[in-house]
Amino acid sequence: MSMSLTPLADWRAAQVPTTTALTGRYIRLQALQPTEHGDLLWQVLQGPNADPQLWDYLPYGPFANRSAFDSWLSGCANGRDPLFFCLIEQSSGRAVGLISLLNILPADGCIEIGHVLFGAPLQRTPGASEAIYLLAQWAFEVLGYRRVEWKCNAANARSQRAAERLGFTYEGLFRQHRVVKSHNRDTAWYSLLDHEWPTCRRAFEHWLAAGNFDSQGQQKQRLQDFRTQG
């Protein structure tokens with residue numbers, strides 16, 4: 001039995017992203033500049049107070065010395081897929097992490113958020129969620145993508161919880177997908193689609209509002225709850 005194919009109405013290829021600045025209330029994304037951001041990134045990603053689990057599921061790091069780190073950081077800055085951004089804390093102006101867009105397929109309208117390296121000062125803060133919001137908003141509303149992906153090692157429970165909290169839908173498991181640091185990686189796939197984005201956007205905006213946090217910075221209502229309110 002043959003299946004008829006329905007063409008997409010008025011589909012146009014999405015734009016290729018460049019490292020423009022994306023500014024929110026808590027966080028700013030900007031082009032990675034190793035000479036400007038390297039010292040602070042080394043401290044938050046590999047310093048004595050860095051998250052000891054940060055590099056566990058990534059194909060690189062931690063680095064044996066600053067020279068190796070700087071070489072890797074320069075490679076990140078010069079690449080276009082992945083396209084890396086430096087995360088700047090608005091209140092202090094400090095570099096607090098890295099994030100990228102990758103697997104960029106403008107003709108298909110598909111793009112991925114990955115290489116998420118949030119330093120300890122950024123983790124579990126409004127700025128961490130805002131970084132994802134800013135990238136997704138830019139991808140859907142400005143660049144014209146119709147699918148934003150999130151992929152992670154199936155053993156990485158933190159990343160899977162984050163994807164679900166942020167509104168991504170679990171699509172399945174790619175078994176024996178990669179070999180990372182001499183270990184098998186089964187990859188969990190998640191996505192967020194353009195017709196789902198308006199509901200997610202409203203939830204992000206309500207959650208990120210100053211009124212959703214008390215004087216100690218604790219949330220009053222969860223991001224997931226805002227999505228279910230419609």
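Just so we're clear, the structure is a prediction, and the values are computed from it rather than from any experiment.
A donor and an acceptor atom, one from each side chain of R80 and T18, are nowhere located under 3.5 Å apart. At a cut-off of 3.5 Å, with distance as the only test, a side-chain donor of Q160 or Y190 sits close to an acceptor on the other residue. Looking only at atom types and distance, the side chain of W207 has no donor-acceptor partner in the side chain of Q221 under 3.5 Å away. Counted by atom type alone, T20 and W138 present zero donor-acceptor pairs between their side chains at under 3.5 Å.
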Derivation and outcome, side-chain contact (heavy atoms from CB on, under 4.5 Å), residues T19 and L83 | CA-CA 7 Å; T19 45; L83 181 69; 3.5 Å; yes
Run the numbers on E36 and C86 for side-chain contact (heavy atoms from CB on, under 4.5 Å), then give the verdict.
-> CA-CA 10 Å; E36 178 183 350; C86 186; over 6 Å; no
Under the side-chain contact (heavy atoms from CB on, under 4.5 Å) criterion, do H206 and Q229 qualify, and how do the steps go?
-> CA-CA 11 Å; H206 286 299; Q229 292 174 8; over 6 Å; no
Candidate pair D186 and N153, rule side-chain contact (heavy atoms from CB on, under 4.5 Å), full reasoning = CA-CA 6 Å; D186 296 338; N153 192 313; 5.7 Å; no
Chi angles and distances behind the salt bridge (charged side-chain N to carboxylate O under 4.0 Å, His left out) call for R94, D39 = CA-CA 10 Å; R94 298 184 303 167; D39 288 343; over 6 Å; no
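Residues F204 and T199 have side chains not in contact (no heavy-atom distance under 4.5 Å, counting atoms from C-beta outward). Contact check for Y26 versus L208: side-chain heavy atoms found under the 4.5 Å cut-off. Looking at Q123 and L54, their side chains come closer than 4.5 Å, going by heavy atoms from C-beta outward. Put simply, the side chain of L105 does not reach to within 4.5 Å of the side chain of Y145, judged on heavy atoms. When side chains are defined from C-beta on, W189 counts as touching E149, because their heavy atoms get closer than 4.5 Å. For the pair K181 and W55, the minimum side-chain heavy-atom distance is below 4.5 Å. In this structure, W11 and R146 have side chains that are in contact, with non-hydrogen atoms separated by less than 4.5 Å. Taking 4.5 Å as the limit, some side-chain heavy atom of L135 sits within range of a side-chain heavy atom of I99.
Put simply, I132 and Y57 are part of two different groups of oily side chains (I, L, V, M, F, W, Y) that touch within less than 4.5 Å, one to the next. A continuous path of ILVMFWY side-chain contacts below 4.5 Å connects I113 to Y170, so both sit in one hydrophobic cluster. A continuous path of ILVMFWY side-chain contacts below 4.5 Å connects L166 to F140, so both sit in one hydrophobic cluster. Under the 4.5 Å side-chain heavy-atom criterion for ILVMFWY residues, no single connected hydrophobic cluster contains both F85 and L32. With hydrophobic clusters built from ILVMFWY side chains whose heavy atoms lie under 4.5 angstrom apart, L41 does not share a cluster with I27.
Judged by distance alone, the side chain of R227 and the main-chain N or O of R165 form a donor-acceptor pair under 3.5 Å. The closest donor-acceptor contact from the side chain of Q90 to the backbone of G24 lies under 3.5 Å. Distance alone, capped at 3.5 Å, places no donor-acceptor pair between the S71 side chain and the S67 backbone. Side chain of T125 to main chain of L122: a donor-acceptor pair is present (N/O by atom type, distance under 3.5 Å, no hydrogens or angles). Here the side chain of D81 pairs a donor or acceptor atom with the backbone of I104 at under 3.5 angstrom. One N or O on the side chain of E196 and one on the backbone of L193 form a donor-acceptor pair closer than 3.5 Å.
Applying the side chain to side chain donor-acceptor pair (under 3.5 Å) rule to N212 yields no partners; only residues at least two apart in sequence or on another chain are considered.
Residues in residues 103-128 take part in these salt bridge (Lys or Arg N to Asp or Glu O under 4.0 Å) pairs, two or more places apart or across chains: E112-K151.
Listed here is the closest heavy atom pair of H115 and P82: NE2-CG, 3.4 Å. For P59 against R178, the heavy-atom pair with the smallest separation is CB-NH2, 4.3 Å. Across all their heavy atoms, S159 and W150 have their closest contact at OG-NE1, 3.0 Å. The shortest non-hydrogen separation linking D51 to A120 is N-CB, 4.4 Å. When all heavy atoms of H177 and T187 are compared, the pair lying nearest together is ND1-OG1, 2.7 Å. Looking at every heavy atom in both residues, W197 comes nearest to L192 through CE3-CD2, 3.8 Å.
At a threshold of 4.0 Å, the pair R28-E89 does not count as salt-bridged, since none of the basic side-chain nitrogens sits closer than that to a carboxylate oxygen. Ion pairing between a basic and an acidic side chain is recognised when a charged N comes within 4.0 Å of a carboxylate O; R147 and E171 show such pairing. Ion pairing between a basic and an acidic side chain is recognised when a charged N comes within 4.0 Å of a carboxylate O; K220 and D225 show no such pairing. A salt bridge does not link R158 with D56: none of the charged nitrogens is closer than 4.0 Å to a carboxylate oxygen.
To the nearest 0.5 Å, the span separating CG on L87 from CG on L117 amounts to 9.5 Å. Annotation: the span from C76 atom SG to Y60 atom OH amounts to 6.0 Å, rounded to 0.5 Å. Atom-to-atom distance recorded for F84:CZ and L29:CG is 12.5 Å, nearest 0.5 angstrom.
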